[in-house]
Amino acid sequence: MVGNAVWPNDTQPDIPQRPHSRTPAARSPQISIVIAARNNTTYLAETIESAFNQSIPCEVIYADDCSYDNSVSVAQKYKKQGLIITESSWHTGVCETRNRGAEIARGDYLLFLDGDDILPPDYVQQHLDKMTCNTPFAYGAAEAFGDYSTLWNAPEWTEGQLWLRNFVNTSALWNRQAFETAGRWRNKINTMWDWDLALRGSRLGTPVRSTAVLKYRQHANSWSANIQTKYQKRQEILLPQMRRICSRLSIGSIISGRLPDFFPQWLSAVSQAVNLINSEEPVELVLFDNSNNVDTLCKIRAETSRYINTFETIRIVSHPDKFSYKNEKERRDKTARFMAHACNRLRNEMRGDIHWLIEDDILVPLEAGVNLMTELTADRIPPNAVSGCYRNRHNESQLVGGHFDDYHIVKAFTDMGDKICSVDYCGTGCLMYWKDRTPRYWNSHYKNAPAHDWEWCAQLKSASGVIKMLPSVHCGHAKSPSEIIY
């Protein structure tokens, strides 16, 4: 037997054991510093020496990206100190060069260094002091020197909101397993490699900030020499582009069982919308089944099996919750509590960076995912949440969304026109939002009114969050499988 079984008493006589002469010393974590560079003759020696002059011993690797100056000759002068050199016969780019250096590194921890930057003597130690076995990487500030000087401070992780903008520089200290699991360095838009890697690595645990400060050299030939041009490009084009490339989408829905025959049409529309997004990251589907019907559950399983090529994972969370009520007020109260509970459960189950809630009676248009995702990732500071628009099936003259007046009374839209607008509240029928930039918990009531969606939106707005409603994402609301209102 194994596991928690209790072994019977051993009937054999005890065998004397010889005492150990000494306890083996625990192996210190090996640190590998990978210097990746191309044509950095002028500054390379100073960079290499800063790597060797760390307060703790580190393996130092120089990965050359087909330099045509004297960079390799400079590096070879440090081979007696233990420098490991790897060369390339052709220009492969910084990401491939860093990965090539990482492949031959023996360290449990990896630190990447550009060929013109400098590590202060206690840089690695300060990072290492913050690492645990569950920390994917440690990061810190960077101080520019050379042609101009400034300090790029780094916030604590809980305050940073990495999806807004990058604050993790190239020379973070990486747990090697996290680096490999995240997918190593990759070149998607020929810049922002450190942000791309940090976003992927942050899914594996909670990164930590240390007090280490990188010396980040600025000179005429550096990548960031024209800081103003770089800044404008990032704000206008590159920030949204990188967000769309890196973000993972989770789609969640609460299956009530009210319209079981509508589910195939619902899922077909969702699948087409997802395919049109053409996400580079995998998309998951999480269904919270509250139908309390075995036949409905079987139909859901059979239908979802047809879409295994659209979604990386499809998970059905069964929750046969039933409640009774004596009057309409009690029904509304209990329904609101259930909806809040279900949304909290979905939030916990959905693992993506972006969550898209689609109610089981909402028919999304083909372009819904593309339009919502584009708006949610746009601009220097994107909105916290975006919503499609759809009619209230109990009051068809109103859309589910609008504003609160000064007395917190809901003023629903009756028509939106054709312009995207900010709203105080929206429903969960077609709602897409950033997981880490929105309220963590759904509550059931808003100002004593049973409305989990109003309360969630009010929490977001009270924290200066922004919710936008898109008239281009005009959804149908099914009263029955054959009657859909627009």
Side-chain angles (χ1 to χ4, degrees), residues 27-37 47 50-51 54 56-65 83-86 88 92-115 117 119 123-142 154 157 160 162-163 166-210 212 214 216 223 242 245-248 280-282 351 353:
R27 185 173 70 90
S28 299
Q30 174 90 30
I31 313 294
S32 294
I33 299 175
V34 177
I35 302 171
T47 297
S50 77
Q54 290 300 296
I56 56 176
C58 300
E59 177 185 62
V60 183
I61 297 167
Y62 173 64
D64 186 82
D65 187 17
L83 182 66
I84 301 169
I85 301 174
T86 174
S88 176
T92 60
V94 65
C95 292
E96 182 58 37
T97 303
R98 289 170 182 167
N99 288 337
R100 181 159 42 85
E103 286 177 1
I104 64 174
R106 295 171 295 179
D108 302 319
Y109 296 95
L110 302 175
L111 189 143
F112 298 90
L113 179 62
D114 289 341
D117 294 338
L119 301 180
Y123 187 89
V124 172
Q125 184 67 68
Q126 286 179 298
H127 273 338
L128 187 62
D129 287 344
K130 292 290 186 177
M131 296 290 285
T132 71
C133 60
N134 296 318
T135 306
F137 62 86
Y139 64 94
W157 184 257
L162 189 64
W163 284 103
N166 184 39
F167 50 82
V168 178
N169 64 52
T170 299
S171 298
L173 180 65
W174 279 85
N175 178 307
R176 186 187 190 116
Q177 292 182 340
F179 171 75
E180 299 288 352
T181 303
R184 303 183 177 188
W185 293 97
R186 67 180 187 181
N187 186 15
K188 287 294 183 179
I189 59 173
N190 204 34
T191 186
M192 293 189 174
W193 310 289
D194 42 9
W195 193 26
D196 176 37
L197 179 60
L199 285 170
R200 289 179 281 125
S202 64
R203 299 189 183 110
L204 305 175
T206 303
V208 294
R209 177 186 180 275
S210 86
L214 174 69
Y216 187 58
W223 180 261
M242 186 58 73
I245 288 172
C246 293
S247 57
R248 287 190 175 181
E280 297 197 26
E281 292 288 340
R351 297 167 296 191
D353 311 298

Check your understanding: Could you state the interatomic distance from CG (Leu204) to CD (Glu180), rounded to the nearest 0.5 Å?
Key ->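 Answer for the CG-CD pair, Leu204 versus Glu180, is 12.0 Å.
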**Study point:** Pair Ser50, Thr47: side-chain N/O donor-acceptor within cut-off below 3.5 Å
**Key:**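 There is no such pair (donor and acceptor under 3.5 Å, judged by atom type) between the side chains of Ser50 and Thr47.
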Check your understanding: Out of Trp193, Trp174, Phe112, which one pairs with Trp185 under the ring-ring contact (aromatic ring centres under 6.0 Å, His included) rule?
Key ->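 With Trp185 as partner, ring-ring contact (aromatic ring centres under 6.0 Å, His included) holds for just one option, Phe112.
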Work out which heavy atom in [X] is nearest to a heavy atom in [Y]; give both atom names and the distance.
X: Thr97; Y: Ala36; value: CG2-CB, 3.8 Å
X: Met242; Y: Thr191; value: CE-O, 3.8 Å
X: Phe179; Y: Ala102; value: CE2-CB, 3.8 Å
X: Ala142; Y: Tyr216; value: CB-CB, 4.3 Å
X: Asp65; Y: Gly93; value: OD2-N, 3.1 Å
X: Ser32; Y: Arg106; value: OG-N, 3.5 Å

Side-chain contact, heavy-atom cut-off 4.5 Å: [X] with [Y]?
X: Arg248; Y: Asp353; value: yes
X: Asn190; Y: Asn187; value: yes
X: Val124; Y: Tyr109; value: no
X: Pro207; Y: Val168; value: no
X: Ile31; Y: Gln54; value: no
X: Ile33; Y: Leu119; value: yes
X: Leu113; Y: Leu214; value: yes
X: Cys95; Y: Lys188; value: no

Point to revise | side-chain hydrogen bond (donor to acceptor under 3.5 Å, both in side chains) partner of Ser210, the single match among Gln126, His127, Gln125 | key: His127
Practice item. Kindly say whether Gly107 contributes a backbone atom to a donor-acceptor pair with the side chain of Arg176 at under 3.5 angstrom? Key: yes
Review point. With under 30° as parallel and over 60° as perpendicular, where do the rings of Phe167 and Tyr139 fit, or are they tilted in between?
Key: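 Taking Tyr139 first and then Phe167, their aromatic rings sit tilted (interplane angle of 30° to 60°).
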Check your understanding: Do the ring planes of Phe137 and Trp157 sit parallel (below 30°), tilted (30 to 60°) or perpendicular (above 60°)?
Key ->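 Aromatic pair Phe137/Trp157 classed perpendicular.
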Check your understanding: Is the shortest distance from a Lys or Arg side-chain nitrogen in Arg184 or Glu103 to a carboxylate oxygen in the other one below 4.0 Å?
Key ->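 Salt bridge between Arg184 and Glu103, a charged N being under 4.0 Å from a carboxylate O: yes.
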